[in-house]
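Take a look at the structure below.
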There are 2 protein chains.
Amino acid sequence: MIKKTSLKDIAQAVGVSTALVSYVLNNQKENRISKEVARKIRQVAQELNYQPNQIAKSLKTSKTRTLGLIVADIANPFSSSMARIVEDEADRQGYTVVFGSSDENPQKCQKLITTLLNRQVDGLLIAAPAGTESQIMTLQKQTVPFVLIDRYFPSLKTSYLALDNYQSTYDAVRHLVDSGYQRIGLITLKTSLFHITERTRGYQSALQENGLPFQKSRVKELSGNNPTPDVAKAIQLLRTGQDPVDAIVFTTNSLTFWGLKAIKSQHINLPSELAVVGFDETDAYELFDTSITYIRQPLQEMGQLATKILLESLNPNTPITQTNLKATLVIQASTQSLSVPAVQSAE
Amino acid sequence: MIKKTSLKDIAQAVGVSTALVSYVLNNQKENRISKEVARKIRQVAQELNYQPNQIAKSLKTSKTRTLGLIVADIANPFSSSMARIVEDEADRQGYTVVFGSSDENPQKCQKLITTLLNRQVDGLLIAAPAGTESQIMTLQKQTVPFVLIDRYFPSLKTSYLALDNYQSTYDAVRHLVDSGYQRIGLITLKTSLFHITERTRGYQSALQENGLPFQKSRVKELSGNNPTPDVAKAIQLLRTGQDPVDAIVFTTNSLTFWGLKAIKSQHINLPSELAVVGFDETDAYELFDTSITYIRQPLQEMGQLATKILLESLNPNTPITQTNLKATLVIQASTQSLSVPAVQSAE
């Protein structure tokens, strides 16, 4: 236990009663206390570095000015950048953020929700793992203020802030088709997470609406358990056989990273031998030989807006807000048009 | 405010007194309450998802089973990996971690310390920014349990867990000398942070103890405010003039990243035109054309051990523990020996 300066310590130092110290520090009965004594009490409180007990205060106001944030994995750059943005925005509004990683595990997510509620957070921001619908429904029944971030369940009527995932890959495939690529593969995760399956749906629609066949064999769904060899094998499979792909879209930042590692070790030349679209912005792309075309999520806007929506929803009867933000396709050398000769990537 | 199930709600649902509900849920007066009534109360409590008020509990026990962690910047991979390791270790011991980023700013660090203490954390792990000695001394006077992590102040007698920073760059320079490099530059931050100045000291000693001159012009200290152009310019300066360097050691992961970006855009061939030693392990290195020799910090050990030491020091009168862990030099293609012809990096 942290030994802190108590009202009693101050009372003893000044030589007055504890009650008097409490009145002064809580700005009560001001007219009945001499200004000189009040000044002395405040001065000693400052000298002894007195800090009011936030927990005791919380019990009275039932507000802790703390938000809970549940990310997928704080060690993933998407999660840590998001945490930083939420933290900064919350700080601007006078809130502290308590966070934890769900590890894409529903049990761990439930444990975190329970812990955070026990710590009396005022509200929650949750990047919900697959299989947590019932947890979210329970929160809603308990009227806990929360906003889903990055992921959401279309069957549940909850506030969320997420990407327009369908459109993100639709636009990427459309760009590849416009650049002359016709045999486009997709490397994605085997998951029921809506934000990921939407990315596959966007890929499929873009092919079909642009007169290209959708071939199931061109979609590789990986478990994510054994990523480096699995992604390398998926790329190899897509590029061999009777009908090799000329382009690959990756649906997450980790898949893109593992894919680029495999492309490097297989000595595949981008874009002359293969065009590539990555997902998310990460520092790592900048060290890759060819500059990578990627789908950029509006992280800053997503984190700030989600925090603002959560803070608004701390007021009772705030209506549900559902927002899908648009991604930007950052076009670089890895998807250069087939109609112009491939050159070295620009710096 | 989160509306939670109260003891009164349960009492009304079962049709008993609130006191009786309290006795049952706190395992009191067991012999005096009928098993059937106790069972019913527990069942209703579960159905209504009753959660004991952690804040009220905390007031009684003065323990919150929460640790505070102050990192430099949660968006930096070193900080976020560390946060994840601390979080996992704390979780294993039944503790939750509340975290925040100091942004290398003493004022922000003080604000975080105050916030965390107000939230009644049981103890603190702090990666202390420059200029926070007085804050750390105040914590010590208040007998707040804390452990400094990654950074520490040699003039203060506090528990810490950090790298042997001196030895880390000493070993890197020694390896370069052994590989035939003789004109070795250093790119570092302009800072009074002890863990960084120690890295410069290790570089200097290794040169002198290996019969090479220490030249101040070969040490470039950057502010970090305008990193991409500043690092590019530093590399250019080190490589031009009468006595160009044949090797560069970087003292942080960010400096290494910016340096590799500049090396890529300046089309410098590693190691034939320049040998490079990076700091820390980051994913980004794996996408760079040449595999990079780097100084690996024992992050896992550092995070776990710091958490364990903090938990031990929650007991009164625990002695101070000061530990410097050894780095490992991971030798790859970017520092290949000059006596063998340079080849492509191995995959």
Side-chain angles (χ1 to χ4, degrees), chain A residues 1-5 49 51-56 58-59 61-64 66 73-77 79-81 83-84 87 91 96-101 111-112 114-123 138 141-145 257 260-261 264-265 282-289 314 347, chain B residues 1-5 49 51-56 58-59 62-64 66 73-77 79-81 83-84 87-88 91 96-101 111-112 114-123 138 141-145 257 260-261 264-265 282-289 314 347:
Chain A
M1 185 202 157
I2 295 166
K3 196 172 167 292
K4 295 174 71 177
T5 299
N49 195 24
Q51 284 163 351
N53 182 333
Q54 201 65 33
I55 287 187
S58 296
L59 271 181
T61 65
S62 295
K63 291 274 191 196
T64 59
T66 307
D73 175 6
I74 195 67
N76 180 303
S79 296
S80 58
S81 300
R84 183 59 202 269
E87 198 186 17
D91 183 57
T96 308
V97 179
V98 189
F99 88 107
S101 309
K111 197 177 156 198
L112 271 170
T114 306
T115 303
L116 292 169
L117 293 185
N118 282 346
R119 305 282 308 132
Q120 305 285 85
V121 296
D122 293 337
T138 303
K141 270 191 214 147
Q142 296 172 321
T143 65
V144 173
F257 171 72
L260 292 178
K261 259 176 72 175
K264 178 168 165 268
S265 78
T282 82
D283 280 352
Y285 299 170
E286 296 188 53
L287 297 187
F288 193 77
D289 215 33
L314 299 184
E347 297 306 336
Chain B
M1 182 204 156
I2 295 167
K3 196 172 165 292
K4 296 175 67 178
T5 300
N49 195 25
Q51 284 164 346
N53 183 334
Q54 201 67 32
I55 287 187
S58 296
L59 271 183
S62 294
K63 291 275 189 195
T64 60
T66 307
D73 175 5
I74 195 67
N76 180 302
S79 296
S80 59
S81 300
R84 183 57 203 270
E87 198 188 18
D88 284 350
D91 183 59
T96 308
V97 179
V98 190
F99 89 107
S101 309
K111 196 176 156 197
L112 271 171
T114 306
T115 303
L116 291 170
L117 292 185
N118 282 346
R119 304 282 307 131
Q120 304 284 86
V121 294
D122 294 336
T138 304
K141 271 191 216 147
Q142 295 173 323
T143 64
V144 173
F257 172 72
L260 292 179
K261 258 176 72 175
K264 179 169 165 264
S265 78
T282 82
D283 280 354
Y285 300 169
E286 296 189 52
L287 297 186
F288 192 77
D289 217 31
L314 300 184
E347 298 305 340

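If you're wondering where the values come from, they're calculated on a predicted model, not measured in any experiment. All chains are named by letter (A, B, ...) in the order of the sequence lines, taking the proteins before the strands, and each is independently numbered beginning at 1.
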Open item on the list: Going by salt bridge (charged side-chain N to carboxylate O under 4.0 Å, His left out), name the residues that satisfy it together with A:Asp283, two or more places apart in sequence or in a different chain.
Closed with: none

Open item on the list: Taking the basic N atoms (NZ, or NE/NH1/NH2) and the acidic carboxylate oxygens, is any pair closer than 4.0 Å for B:Lys111 and A:Asp91?
Closed with: yes

Task: Region of B:Asn76 that comes under 4.5 Å of a non-hydrogen atom in chain A - done: neither

Task: Side chain, backbone, both or neither of B:Thr66 within contact of chain A (heavy atoms, under 4.5 Å) - done: side chain

Open item on the list: Which atoms of A:Ser79 are under 4.5 Å from chain B, going by heavy atoms: the side chain, the backbone, both sets, or neither?
Closed with: neither

Task: Which atoms of A:Thr138 approach chain B - backbone, side chain, both or neither, heavy atom under 4.5 Å - done: side chain

Open item on the list: Which one wins on heavy-atom pair count under 4.5 Å against chain A: B:Asp73, B:Thr282, B:Leu116?
Closed with: B:Asp73

Task: Distance-minimising heavy-atom pair for A:Val98 and B:Val97 - done: CG1-O, 4.1 Å

Task: Heavy-atom pair of closest approach, residues A:Ser80 and B:Ile74 - done: CB-O, 3.4 Å

Task: Under 3.5 Å donor-acceptor, A:Glu87 side chain and B:Ser101 backbone - done: yes

Task: Partner set under ring-ring contact (aromatic ring centres under 6.0 Å, His included) for A:Phe257, not counting sequence neighbours - done: none

Task: Nearest heavy atoms of A:Lys264 and B:Asp289, plus distance in Å - done: CE-O, 3.8 Å

